[in-house]
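A short worksheet on the structure shown next.
Chain A is the first sequence line, chain B the second, and so forth, proteins listed ahead of strands; every chain is numbered from 1.
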Amino acid sequence: MLLASAPEQRQASGEQFVQLLPLDASGAPAAPARIEAKLELAAVVAQWEKEASPRWVWHRTQDWYPQLLAAGVSVDRCHDLLLCRNILVSSQATSASAYARGNEPIPVETAEASLPERADQGSLFDQPLRQSQPTAEELVADLQGQLEAVSGSLHPGRLALLLAAESAGALSAAEMQHTGLPWREDLHQAILSDALGPRPSGFQRPDKLEALAAELRNQLNAPSLNPDSPQELMRALHRAGIEVRTTRSWELQQLQHPAIAPLLAYKKLSRLHTANGWTWLDQWVHGGRFRPEYVVGGVVSGRWASRGGGALQIPKNIRGAAHAEKGWKLVVADASQLEPRVLVALARDTGMAAAARDKDLYAGIAAQGFGGDRAKAKVALLGAIYGATTGESGRLMPQLAKTYPRAVAFVEEAARAGERGDIVSTRLGRSCPPPSRRWLAGQRTTTAEEQRRADAEARSRGRFTRNFVVQGSAADWAACWLAELRRRLRFLGAAVEAGAGSGERGGPETDGKSVPELVFFLHDEVMVHTPESQVALVRQLIEESARAATALLFGEIPVEFPVSITVVDSYADAK
DNA sequence: TCTGATCGCGCG
DNA sequence: AAAGCGCGCGATCAGA
């Protein structure tokens, strides 16, 4: 392991220096500190990487890795102290440790600016240094505390895996932000002008949107209506005799009135214009790539969040703009029905595992317990995972429980724990937040009215913890999948580059740059942008990685986690 | 006039 | 189709 400490400013020269401190496996400094000047850092890191392939230990990957990537240097492994701290201080598996008792979680900082093109890529620390960077001594102490907490925990292996996967995720996130998702600006423009008309100047509505607004005003006899205002819209609808409780599309869809069609069309187009229109394109797409910021550790369940550009919600209607470059393909893979399969594995429900042998889990369940009605089976199972109480899903729960008592009991137990105020954890040991002080206070009430509210809040927390164990364990699986795939792709990339370097000709595109790149990750889906010649290999690596993730989480288990893979030019054609 | 909450809708 | 979970974001709205 190698610790990279905060940069320090030398009084005399004003130059900034970084300490790289070799550590042994227990986190103890193994040799005298090496001090390196700033301009050499990327080169020094590259050298270590080549010779020793250490696990880099640093406070936040975000503080180091983007600049290294900009300098053309990537690393194999790291230990992100901040992300790991947040897991360990709240994990039930380490709750008795000195580390957990002596530290608080630190919310991942989102203040970091998403990088525009860095003007000066040569030097590392041109930006003003962030304050309150820990010293090398503090970092070493932190690391040692973390390692002790893991080794003394109930499940050292699982936790160590979780920390490794989380840290690898941080590397992946920085790399994907650096690489970007291939995005054809011209195709996006075409989608916009097809749907909205030519780009308007200033803050005007696009032609087609304005035309729909005019028709709507006409139909509702409301000449000054602003359809963007829910209140105005509601009043206008009521005046026109359309009784509606909200202005949501799905509720409007039920109605028969000449105003409804233009209103729904307006809402749809308005969404495209405001969320993913020309402004979005100007702001987020540069040089043929969409570069969103991923926030690892941004969701308590372990899923990633994102900031800027709505990276985790690229709507279907603009996916056509995500497009492979010439001679390349997009390999889009998603883990089919990941959450229900994770539930099967967690609960060790053998009956449901038999159904999960089917590529289509819902069809398997439908055959066993729902008279072949796939839709019913799906609604029932998702309802169990989300905690549905009403509607069709709620009504199907008893039937599901009869067929799969273990799976249902598993989520029910998680729900009961949450209602009691207890903590629940994922497969690899990430735990949910404790109830808030306000929640706890609310549970100790006397009056009937307060009690009703407290019960509702308890049930709400129960739905959260019920879902947490499944969503979070699915995130564990996906993190391992991504990390395994990243490792294999690095290996492949190194092999291709070595081949190119030693004079072997693997084809005209083997110019050292033509290696598959991970470009997108979304909960249970990964995308690799690859030269066509490597497509078959990439497919294989994705499948291997999924099997590896399953084995890492669950060992030998008779549950399949199939991935469905499509190879496309356009993201719109995936699935 | 600024700020935080709410609505509505996109994704898994 | 939502419903039941987890998010981000833009426009509007309510309150200082």
TODO: Please assess A/Glu543 against A/Ile565 for the test side-chain contact (heavy atoms from CB on, under 4.5 Å), listing each intermediate value before the final yes or no.
DONE: CA-CA 9 Å; A/Glu543 280 166 355; A/Ile565 301 178; 3.8 Å; yes
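Of the candidate nucleotides C/dA3, C/dG8, B/dG12, B/dG12 has the atom lying nearest to any side-chain atom of A/His523. Taking the side chain of A/Ser229 as heavy atoms from C-beta on, and the options C/dT12, C/dC5, C/dA3, the nearest nucleotide is C/dT12. Considering only the side chain of A/Gln471, C/dC5 comes nearest among C/dT12, C/dA3, C/dC5. Comparing C/dA14, C/dC9, B/dG8 by their closest approach to the side chain of A/Thr247 singles out B/dG8. Of the candidate nucleotides B/dC9, C/dG8, B/dG12, B/dG12 has the atom lying nearest to any side-chain atom of A/Asp524. Comparing C/dT12, C/dG8, B/dC9 by their nearest atom to the side chain of A/Arg248 picks out B/dC9.
Side-chain N/O atoms of A/Lys268 include one lying less than 4.0 angstrom from OP1 or OP2 on B/dG10. In terms of phosphate contacts, A/Arg463 brings a side-chain nitrogen or oxygen within less than 4.0 Å of OP1 or OP2 of C/dC5. Distances shorter than 4.0 Å separate none of the side-chain N or O atoms of A/Asn467 from OP1 or OP2 on C/dG4. One finds no side-chain N or O of A/Lys267 lying less than 4.0 angstrom from the OP1 or OP2 phosphate oxygen of B/dG8. For the OP1/OP2 pair of B/dG12 and a distance below 4.0 Å, the side-chain nitrogens and oxygens of A/Lys575 include at least one atom meeting the criterion. Listed pair A/Gln254 / C/dA2 fails the phosphate criterion, with no side-chain N or O lying under 4.0 Å from OP1 or OP2. The side chain of A/Thr246 places no N or O atom within less than 4.0 Å of a non-bridging phosphate oxygen (OP1 or OP2) of B/dC7. Listed pair A/Ser249 / B/dG8 fails the phosphate criterion, with no side-chain N or O lying under 4.0 Å from OP1 or OP2.
For C/dG10, the glycosidic angle deviates from 0 by more than 90°, giving an anti base.
For A/Arg291 and A/Trp284, the positive end is not near the middle of the six-membered ring at less than 6.0 Å and at most 45° from its axis.
One atom, CG of A/Leu269, and another, P of B/dG10, lie 11 Å apart when rounded to the nearest Å. What separates CD of A/Gln313 from P of C/dG6 is a distance of 16 Å, to the nearest Å. Counting to the nearest Å, the P atom of B/dT6 and the CG atom of A/Leu233 are 21 Å from each other. Across the protein-nucleic acid pair, A/Glu412 atom CD and C/dG4 atom P stand 16 Å apart, rounded to whole Å. Rounded to a whole Å, the CG atom of A/Asn317 is 14 Å from the P atom of B/dC9. Computed from coordinates, the A/Glu232 CD to C/dA14 P distance equals 12 Å when rounded to whole Å. Rounded to an integer number of Å, the gap from A/Trp250 CH2 to B/dC9 C1' is 14 Å. Between the CG atom of A/Leu382 and the P atom of B/dG12 there is a distance of 14 Å, given to the nearest Å.
Heavy-atom distances to DNA chain C give each of A/Ser301 and A/Asn226 a nearest nucleotide, and the one nearer the 5′ end belongs to A/Ser301. Positionally, the nearest nucleotide of DNA chain C for A/Gln253 lies more toward the 5' end than for the other of A/Gln253 and A/Gly387.
The aromatic ring centres of A/Trp280 and A/His188 sit less than 6.0 Å apart.
Using a 4.0 Å heavy-atom criterion, one finds that A/Ile314 contacts the sugar-phosphate atoms exclusively. When heavy atoms are screened at a 4.0 angstrom cut-off, A/Val379 is found touching base atoms of the nucleic acid. When heavy atoms are screened at a 4.0 angstrom cut-off, A/Ala305 is found touching the sugar-phosphate backbone but no base atom. A/Arg459 comes within 4.0 angstrom of nothing in the nucleic acid, heavy atoms only. Looking at heavy-atom distances under 4.0 Å, A/Gly298 makes no contact with the nucleic acid at all. Nucleic acid contact for A/Thr389: none, since no nucleic acid atom lies under 4.0 Å from a heavy atom of the residue.
Judged purely by atom type and a 3.5 angstrom limit, A/Arg289 uses its side chain to pair as donor or acceptor with the backbone of A/Gly180. The backbone N or O of A/Ala574 lies less than 3.5 Å from no partner atom in the side chain of A/Thr566, so there is not a single donor-acceptor pair. Side-chain N or O atoms of A/Asp349 include one that pairs as donor or acceptor with a backbone N or O of A/Ala407 at under 3.5 Å.
Atom CG of A/Asn221 has 12 or fewer heavy atoms from other residues, nucleotides or ligands within 6.0 Å.
Below the 3.5 angstrom threshold, one finds no donor paired with an acceptor across the side chain of A/Arg303 and the base of C/dC7.
Across all strands shown, C/dG4 remains unpaired; no Watson-Crick or G-U wobble contact has both distances below 3.5 Å.
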